[in-house]
There are 2 protein chains.
Amino acid sequence: MKWKIDDIPVFVAIVEQGGISAASDVLGQPKSTVSTTLTRLEHALGLRLVERNSRNLRVTEEGEVFYRKALLILDQVREADATAAGMSAEPSGRVVAAMPPAFTQEVVAPHIAEFQIRFPDVSLDLVLTTQGIELLRDQVDLAVVVGPKVDSDLISRVLVAGPLAWVTSPSYASTHDLRGGIDQIRSHIRICEKRYGRARMPVRVDGVQTQIDLSTGVSHVNSPLVAREAVVNGAGVSALPRLYLRESLASGRLVEAFKNVTFDLDASVLSVVYPHRRLLSPRLRVFVDFLEEICRQR
Amino acid sequence: MKWKIDDIPVFVAIVEQGGISAASDVLGQPKSTVSTTLTRLEHALGLRLVERNSRNLRVTEEGEVFYRKALLILDQVREADATAAGMSAEPSGRVVAAMPPAFTQEVVAPHIAEFQIRFPDVSLDLVLTTQGIELLRDQVDLAVVVGPKVDSDLISRVLVAGPLAWVTSPSYASTHDLRGGIDQIRSHIRICEKRYGRARMPVRVDGVQTQIDLSTGVSHVNSPLVAREAVVNGAGVSALPRLYLRESLASGRLVEAFKNVTFDLDASVLSVVYPHRRLLSPRLRVFVDFLEEICRQR
DNA sequence: AAGTAGCGTTCAGTTTTCTGAACAAAGGAA
DNA sequence: TTCCTTTGTTCAGAAAACTGAACGCTACTT
């Protein structure tokens, strides 16, 4: 096929307007462009579509037949254009998001209903994952990941950045002496999240930089919620992101401990990563905004 | 609408082949062209159609929707292309031809049935006219005209070129002395076609160039058939194109006279004129060929 | 861990298309 | 018959698109 589909609207305009000058007015193109376009189409098709001189124009029989076919093409083109316009104008469709289980259960789940009310045409496909995510390979739209992700291709926006807090159950606190130096403090820590379970975890004790061993003899789990439940049930003291502690502290199920032992800022960071800032579809944009909003509220 | 319809086949190939390199192989285009074309389409639509890196490609949800619309466009494009290919390959449709009445009745009419058998999909619309023809103004495809028509725009092919012949009825010849000089000859000419009715019609008498007055005292008519019938019925001698004399001479209804008085060659010329040599539709081409053939046979 | 093949993207030079200006032609008005 | 207006066409310069070459990246192989 040697003809250009983009010549179709020009040909249709010539036929319908009855002339090249009139067609150029309607198309908003110079008449030399319109004239040359018609000539090119006729040569590519090997058909004389229009007989014309400076005063008369006559659509040939072949031109009439091709014109009707051209109208069908334009019908479909307008349909596609309208569909594309609709897609880029309002949020609809499915968002596939990979997120950590704890974050999803504790932070996102309570707000899903409200998101659905606001954006009825957007469906969520939430993929709880504990492995590293690659958007393209894993065929997901976006991901919430631990850390301030920096990637040359991806856009990263920090959702949560804050310190950890030491917590224990009231009963544990009332039956144990939580005072003392680093060694005494260390003896109370029996479980913590795996990501913090380092042999030399940097902390400040009374403002003085030091390190604490959260590796040897401390149980690890890759879920802040499980660590939290263990502590609620008497498993000593643990350091957890404040993100997951709001309700437990408010209800008194947990109490803060070791207030003189603090972590550096941003020990607990979660980011949302997605491929582009430009041409981000409306539904992705609103979901990212939604995640930012619910994290800001905590 | 800011996107190019010609980008559609490229987009469809990328989706169906699952990659830009594979699509470029199928399309026969450089991969830089394919890559740039996709990028341009996405920006024009304001939609990310395809997520991709050097190893993975994923069609977005918007891309899937637009792809289905694109398939509908391509369906119509293929339909139009096939229709155009059919039109340029075999003769069909209507030919509108303006021709002189005598020529049509005497030369063309006897062969119309045979043309219709050979080209069943071609219909003829024969316009008998005695006025000058302008193809575009009069909305006709071609015309048979008197003379070796030369026009900057039109193609002209001579159908008939030959001398006139002097004829009379046998009874006239047997009751009149047709011998003598130019003046005696002149006295027998009482009717001729208007186009030859000139005061100084060049002829050769016994090979010697001279002129004969066919204007004064000679009846004129713009039909060779009417002049012929008049002569058959005793109206003296007339000069007529051989084109119209074949049956009459063969049957003995007319006999030749003044064999020593001849006209210059090409006194009687008919040409077919049509707009173009290139891009001549098949049905016009076969009709022109048909006219040439039936004239050649006479 | 290092090397390799093949992917998609980008850039600068080449090619193609677009178009303003000028021209020839047609038809209407004077 | 002459003049004028508006048409469609053509050409040369400008603008846009194409593309070969080079590059960075990814995943597989050694």
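Here is the naming used below: chain letters follow the sequence lines, and residue numbers restart at 1 for every chain. No experiment lies behind these values; they were computed from the predicted model shown.
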* Heavy atom of residues 54-61 of chain B under 4.0 Å from DNA chain D: which residues? ->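 Hits under 4.0 Å, by residue number: B:S54, B:R55, B:N56.
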* To do: Enumerate the residues from residues 13-30 of chain B whose closest heavy atom to DNA chain D is under 4.0 Å, giving them by residue number; use none for an empty result.
  =>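 The stretch gives B:P30 as the residues lying under 4.0 Å from the strand, ordered by number.
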* To do: Under the salt bridge (charged side-chain N to carboxylate O under 4.0 Å, His left out) rule, what do A:E79 and B:K69 come out as? Steps first, then yes or no, please.
  => CA-CA 7 Å; A:E79 183 77 14; B:K69 297 295 183 184; 3.3 Å; yes
* **Comparing A:K31 and A:K4 on DNA chain C - which has the more 5′ nearest nucleotide** =>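 Whichever sits nearer the 5' end wins; that is A:K4.
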* **Where at least one partner belongs to residues 25-50 of chain A, residue pairs that pass salt bridge (charged side-chain N to carboxylate O under 4.0 Å, His left out), sequence neighbours excluded** =>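 Every salt bridge (charged side-chain N to carboxylate O under 4.0 Å, His left out) pair that includes a residue of residues 25-50 of chain A, provided the two are not neighbours, is A:D7-A:R40, A:E42-A:R48, A:E42-A:R52.
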* Which of residues 36-48 of chain A have a heavy atom under 4.0 Å from DNA chain C? ->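 Listed by number, they are A:T36, A:R40.
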* To do: Answer yes or no: does a side-chain N or O of A:S35 lie under 4.0 Å from OP1 or OP2 of D:dG8?
  =>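 Checking D:dG8 against A:S35, no side-chain N or O comes under 4.0 Å of OP1 or OP2.
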* Quick one: is C:dC18 close enough that its OP1 or OP2 comes under 4.0 Å of any side-chain N or O from A:T33? ->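 No, because none of the side-chain N or O atoms of A:T33 sits under 4.0 Å from OP1 or OP2 of C:dC18.
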Under 4.0 Å between a Lys/Arg side-chain N and an Asp/Glu carboxylate O for [X] and [Y]?
X      : Y      : answer
A:D289 : A:R157 : yes
B:E64  : A:R94  : no
B:R58  : A:D141 : yes

* Asked: Would a 4.5 Å heavy-atom cut-off, applied to side chains only, mark A:V269 and A:V146 as touching?
  ->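 No. Closest side-chain heavy atoms not under 4.5 Å.
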* Side-chain touch B:Q76/A:I5, heavy atoms, less than 4.5 angstrom ->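 A side-chain contact under 4.5 Å is absent here.
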* Quick one: ring-ring contact (aromatic ring centres under 6.0 Å, His included) partners of B:F287, sequence neighbours excluded? ->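 Listed in chain order: B:F115, B:F290.
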* Asked: Hey, does the side chain of B:T36 reach the backbone of B:T33 with a donor-acceptor pair shorter than 3.5 angstrom?
  ->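 Side chain of B:T36 to backbone of B:T33: no pair is present.
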In whole angstroms, how far is the [atom2] atom of [N] from the [atom1] atom of [X]?
X    : N      : atom1 : atom2 : answer
B:I5 : D:dA17 : CD1   : C1'   : 17 Å
A:D7 : C:dC18 : CG    : C1'   : 12 Å
B:D6 : C:dC18 : CG    : P     : 10 Å

* To do: Report yes or no: is there a donor-acceptor pair, N or O only, under 3.5 Å between the side chain of A:S32 and the base of C:dG20?
  =>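 It does, because a donor-acceptor pair links the side chain of A:S32 to the base of C:dG20 below 3.5 Å.
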Counting only pairs under 3.5 Å, give me each side-chain donor-acceptor contact of residues 10-23 of chain A, with atom names and distances, residues two or more places apart or in other chains.
| unit_1 | atom_1 | unit_2 | atom_2 | d |
| --- | --- | --- | --- | --- |
| A:E16 | OE2 | A:Y67 | OH | 2.6 |

* Should the heavy atoms of other residues, nucleotides or ligands under 6.0 Å from CZ of B:R200 be counted, would the total exceed 12? ->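 Counting other residues, nucleotides and ligands, CZ of B:R200 stays at 12 neighbours or fewer.
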